[in-house]
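Only one structure is covered here, and it is reproduced in the block below.
All of these numbers come straight from a predicted model, not from anything done at the bench.
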Amino acid sequence: PLHKLAISYAIEHALRIEHFETALEATVEPMHTTADHMARTGEVKPSRHELTRAVGSLFKLRLELNIAAELVTTPTFIWDNARMQPFYNTARSYLEIDDRLQALNNRMELVQEFYTKANQELTVIHSAFLEWIVIILVLVEAIFELITIVIDVFGLHMSH
């Protein structure tokens with residue numbers, strides 16, 4: 001009976017991983033739309049706020065996967081019952097727990113890299129926009145200064 005409990009821990013880990021795989025798919029789907037839009041138009045479609053939310057969701061998911069879910073540690077029951085370790089390890093291997101965890105982390109890293117690059121692109125676009133605003137403001141100031149000089153020059157000539 002205890003060996004069934006050891007196996008059930010591995011099955012529970014597999015089900016948790018499936019939850020994370022599904023959650024990651026929900027995060028990845030908008031990324032495909034964004035990547036397609038970027039490829040077609042050369043523009044980043046989502047706003048900075050949307051990208052930040054996506055990165056935050058991904059960080060949260062990754063944190064839960066690697067820390068909170070306790071999928072990378074051996075359950076206390078297995079440590080306390082060392083003879084159950086082979087049953088647990090065999091079931092874990094059969095369910096490909098470690099490979100699936102690695103694949104999930106790799107996919108999360110790729111998604112995070114994509115969102116980081118998209119966010120950097122938005123930062124560059126925003127910086128260029130701000131630079132144009134500064135250029136226009138300097139130009140407007142120069143025009144006003146020129147108008148002031150012309151008024152002063154013509155004002156002085158008109159009084160003679």
Side-chain angles (χ1 to χ4, degrees), residues 9-76 88-89 91-160:
Y9 273 107
I11 292 170
E12 185 254 343
H13 284 185
L15 292 173
R16 280 194 196 178
I17 289 173
E18 187 173 332
H19 160 75
F20 286 109
E21 289 168 337
T22 303
L24 181 60
E25 277 306 311
T27 304
V28 169
E29 195 161 319
M31 182 187 79
H32 288 295
T33 305
T34 301
D36 289 343
H37 183 78
M38 287 173 68
R40 279 192 325 275
T41 66
E43 298 174 351
V44 180
K45 183 179 179 182
S47 68
R48 179 175 295 220
H49 178 70
E50 290 169 325
L51 282 175
T52 303
R53 279 192 10 226
V55 169
S57 295
L58 188 63
F59 271 135
K60 182 181 176 200
L61 189 63
R62 199 166 190 184
L63 179 68
E64 288 173 4
L65 174 66
N66 291 297
I67 296 173
E70 298 179 352
L71 295 170
V72 294
T73 60
T74 302
T76 305
Y88 172 74
N89 288 343
R92 192 173 167 91
S93 175
Y94 177 76
L95 296 168
E96 301 175 327
I97 302 292
D98 293 329
D99 292 340
R100 289 170 67 194
L101 277 171
Q102 184 64 43
L104 265 173
N105 274 310
N106 290 345
R107 288 183 72 200
M108 286 183 184
E109 191 173 309
L110 180 64
V111 171
Q112 181 161 350
E113 183 179 325
F114 172 80
Y115 282 132
T116 299
K117 296 289 183 192
N119 203 6
Q120 287 172 347
E121 182 64 25
L122 283 177
T123 299
V124 167
I125 291 167
H126 184 67
S127 295
F129 176 73
L130 292 177
E131 287 174 12
W132 276 107
I133 288 176
V134 168
I135 290 169
I136 290 168
L137 289 174
V138 168
L139 184 61
V140 167
E141 182 180 357
I143 290 170
F144 280 129
E145 190 64 33
L146 185 60
I147 291 170
T148 303
I149 292 171
V150 168
I151 289 173
D152 286 346
V153 169
F154 285 123
L156 288 175
H157 285 31
M158 294 175 104
S159 61
H160 287 353

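Using a distance-only test at 3.5 Å, with no hydrogens or angles considered, no donor-acceptor pair links the side chain of Ser93 to the main chain of Asn89. Asn119 contributes no side-chain N or O that, together with a main-chain N or O of Tyr115, makes up a donor-acceptor pair within less than 3.5 Å.
Rounded to the nearest 0.5 Å, atoms CD (Glu50) and OG1 (Thr34) are 8.0 Å apart. A distance of 11.0 Å separates NE2 in His13 from CG in Leu95, rounded to the nearest 0.5 Å. How far CG of Leu58 is from CE of Met108: 6.5 Å, rounded to the nearest 0.5 Å. For the atom pair OG1 (Thr123) and CD (Gln120), the distance works out to 7.5 Å, reported to the nearest 0.5 Å. Rounding to the nearest 0.5 Å gives a distance of 4.0 Å between CD1 of Ile17 and CD1 of Ile97. In this structure, CG on Leu51 lies 8.0 Å from CZ on Phe114, to the nearest 0.5 angstrom.
Put simply, the side chain of His126 does not reach to within 4.5 Å of the side chain of Leu122, judged on heavy atoms. Residues Leu61 and Leu65 are not in side-chain contact: their nearest non-hydrogen atoms beyond the backbone lie 4.5 Å or more apart. In this structure the side chain of His49 reaches within 4.5 angstrom of the side chain of Arg53, judged on heavy atoms. Inter-residue side-chain proximity for Arg92 and Tyr9 is flagged as unmet; no heavy-atom pair is nearer than 4.5 Å. Looking only at side-chain heavy atoms (C-beta outward), Leu104 and Arg100 stay at 4.5 Å or farther from each other.
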Requested in this report: Apply the test salt bridge (Lys or Arg N to Asp or Glu O under 4.0 Å) to residues Glu12 and Arg16: give CA-CA distance (whole Å), side-chain angles for both, the deciding distance (0.1 Å), then the verdict.
Outcome: CA-CA 6 Å; Glu12 185 254 343; Arg16 280 194 196 178; 2.5 Å; yes
Report task. Run the numbers on Glu109 and Arg62 for salt bridge (Lys or Arg N to Asp or Glu O under 4.0 Å), then give the verdict. Result -> CA-CA 9 Å; Glu109 191 173 309; Arg62 199 166 190 184; 3.7 Å; yes
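Gln102 and Asn106 share a side-chain donor-acceptor pair at under 3.5 Å.
With a 6.0 Å radius and a threshold of 12 heavy atoms from other residues, nucleotides or ligands, His37 has its NE2 atom above the threshold.
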